[in-house]
Chemist: 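There's a structure below that I have some questions on.
Below, each value reflects all heavy atoms present in this structure, side chains not excepted, and no hydrogens, waters or symmetry copies. Just so it is clear, the model here is predicted, and its values are computed rather than measured. Residues: numbered from 1 along the sequence shown.
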Amino acid sequence: MNIFKLAFELFIIYMVYKLIFDFIIPVYNTTKQMKQKMADMHQKMQEQQKTEQFTQTKAPMEKDTHKKSFSEDYIEYEEIK
């Protein structure tokens, strides 16, 4: 009976080992990487918003000149038969 008890205990230890190293650790590492990527993306979005706010406050006149240049650059075409 002692050999069956030993085999059962070794099997349980093996299953716990597999659970930890094949499931828990990879899930932890993946979660950690995703959190890092999300933090990086959030930081980039904040930087982009800051630059947009800076350009909006700095150049309201440039928008008007862009509209004027667009209307000046427009050329009407006539169909030739």
Side-chain angles (χ1 to χ4, degrees):
M1 284 302 236
N2 286 338
I3 197 149
F4 291 119
K5 185 178 179 181
L6 179 64
F8 181 70
E9 288 175 357
L10 289 175
F11 178 73
I12 296 297
I13 291 171
Y14 174 75
M15 293 305 288
V16 169
Y17 172 82
K18 292 296 276 182
L19 175 72
I20 291 171
F21 288 101
D22 289 344
F23 182 72
I24 294 174
I25 292 177
V27 167
Y28 174 76
N29 288 337
T30 304
T31 305
K32 190 168 138 182
Q33 288 175 353
M34 289 301 293
K35 283 182 181 179
Q36 183 63 37
K37 287 180 181 180
M38 290 297 288
D40 291 342
M41 188 184 319
H42 189 262
Q43 182 180 5
K44 286 179 184 179
M45 290 294 287
Q46 285 181 337
E47 289 174 4
Q48 184 179 9
Q49 286 178 346
K50 286 180 183 178
T51 56
E52 284 180 10
Q53 289 175 351
F54 179 71
T55 56
Q56 287 176 354
T57 57
K58 182 181 176 188
M61 294 271 209
E62 292 176 10
K63 290 182 181 180
D64 294 335
T65 59
H66 176 69
K67 288 180 183 175
K68 289 179 184 176
S69 66
F70 177 74
S71 63
E72 292 171 359
D73 291 340
Y74 182 73
I75 301 173
E76 286 190 36
Y77 291 99
E78 293 183 16
E79 185 178 335
I80 301 174
K81 293 183 181 181

Chemist: Does some side-chain heavy atom of Thr31 sit less than 4.5 Å from a side-chain heavy atom of Val27?
Modeler: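 Touching, per the 4.5 Å side-chain cut-off.
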Chemist: Measuring from Leu19:CG to Ile25:CD1, what's the distance to the nearest 0.5 Å?
Modeler: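 The CD1 atom of Ile25 is 10.0 Å from CG of Leu19, to the nearest 0.5 Å.
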Chemist: Which value, rounded to the nearest 0.5 Å, describes the distance between Lys32 atom NZ and Gln36 atom CD?
Modeler: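 Going from NZ on Lys32 over to CD on Gln36, the span is 9.0 Å.
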Chemist: So if I apply the side chain to side chain contact (heavy atoms under 4.5 Å, CB included) rule between Glu47 and each of Gln43, Gln49, Met45, which one comes out positive?
Modeler: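 With Glu47 as partner, side chain to side chain contact (heavy atoms under 4.5 Å, CB included) holds for just one option, Gln43.
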Chemist: Are Phe23 and Val16 joined in one hydrophobic group, where the rule is that I, L, V, M, F, W and Y side chains link up if heavy atoms are under 4.5 Å apart?
Modeler: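 Linked, Phe23 and Val16 end up in one cluster.
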Chemist: Would you give the length of the straight line joining atom NZ of Lys37 to atom CG of Asp40, rounded to the nearest 0.5 angstrom?
Modeler: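 Here the rounded value is 9.5 Å.
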Chemist: Between CZ of Phe4 and CE of Met1, what distance do you get to the nearest 0.5 Å?
Modeler: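 One finds 7.5 Å between CZ of Phe4 and CE of Met1.
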Chemist: So if you build clusters from Ile, Leu, Val, Met, Phe, Trp, Tyr with side-chain heavy-atom gaps below 4.5 Å, do Leu10 and Tyr17 land together?
Modeler: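 No.
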Chemist: Check whether any side-chain heavy atom of Tyr14 lies under 4.5 Å from a side-chain heavy atom of Lys18, and answer yes or no.
Modeler: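 The answer is yes; the side chains approach within 4.5 Å.
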